[in-house]
Amino acid sequence: MVEVYRARGEAEAQIIKGLLESSGISCLLKSNAAPSVHVFTIDGMGEVVILVREANAEEARELIGGKGNA
């Protein structure tokens, strides 16, 4: 699994996950923070990393539009 996007929070990550899965790309979400009701992040604490299989990474990045810092 390789990182293709870093979302600022759970809501953004779920949107990206839906985009990828609707195109047939399975993905995992990984975060070091517990889910929160807060919709903001401080110093990356609420970031959610989106991971896909290496074989799908290029296609996933194209779908996302090259946004994020992966």
Side-chain angles (χ1 to χ4, degrees):
M1 301 297 277
V2 296
E3 178 181 327
V4 292
Y5 191 82
R6 279 185 186 254
R8 291 188 181 110
E10 184 69 25
E12 182 184 13
Q14 290 296 333
I15 292 168
I16 299 296
K17 180 180 179 185
L19 171 69
L20 294 174
E21 289 181 344
S22 71
S23 297
I25 299 174
S26 299
C27 64
L28 295 174
L29 304 180
K30 178 182 171 188
S31 175
N32 290 331
S36 172
V37 296
H38 304 294
V39 293
F40 59 88
T41 63
I42 299 173
D43 293 331
M45 288 182 59
E47 282 187 336
V48 180
V49 175
I50 299 169
L51 305 161
V52 300
R53 289 185 180 100
E54 192 169 353
N56 299 116
E58 185 175 335
E59 181 182 2
R61 288 185 181 113
E62 287 176 13
L63 284 169
I64 295 167
K67 296 180 182 173
N69 57 1

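The structure presented is a predicted model; accordingly, all values stated were derived computationally and were not measured.
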Q: Looking at every heavy atom in both Cys27 and Ile50, which two are closest together, and how far apart are they?
A: CB-CG2, 4.2 Å
Q: Can you give me the closest heavy-atom contact between Val2 and Ala57, atom names plus distance?
A: CG2-CB, 3.5 Å
Q: At what distance, to the nearest 0.5 angstrom, does CZ of Arg6 lie from OG of Ser31?
A: 10.5 Å
Q: For residues Ala13 and Ala7, report the shortest heavy-atom separation together with the two atoms involved.
A: N-CB, 3.6 Å
Q: For Glu21, I'd like to know if atom CD has over 12 heavy atoms of other residues, nucleotides or ligands within 6.0 Å.
A: yes
Q: Which residues satisfy the side chain to side chain contact (heavy atoms under 4.5 Å, CB included) test with Ile15, sequence neighbours excluded?
A: none
Q: To the nearest 0.5 Å, how far apart are CG in Leu63 and CD1 in Ile25?
A: 5.0 Å
Q: Do Gln14 and Leu29 have side chains that approach each other closer than 4.5 Å (heavy atoms only, starting at C-beta)?
A: yes
Q: Pick from Arg61, Glu12, Lys17: which one makes a side chain to side chain donor-acceptor pair (under 3.5 Å) with Tyr5?
A: Glu12
Q: Which other residues belong to the hydrophobic cluster containing Leu28, where Ile, Leu, Val, Met, Phe, Trp and Tyr are joined when side-chain heavy atoms lie under 4.5 Å apart, directly or via other members?
A: Met1, Val49, Leu51
Q: Considering all heavy atoms of both residues, which atom of Val52 and which atom of Ser26 are nearest to each other, and what is their separation?
A: CG1-O, 3.7 Å
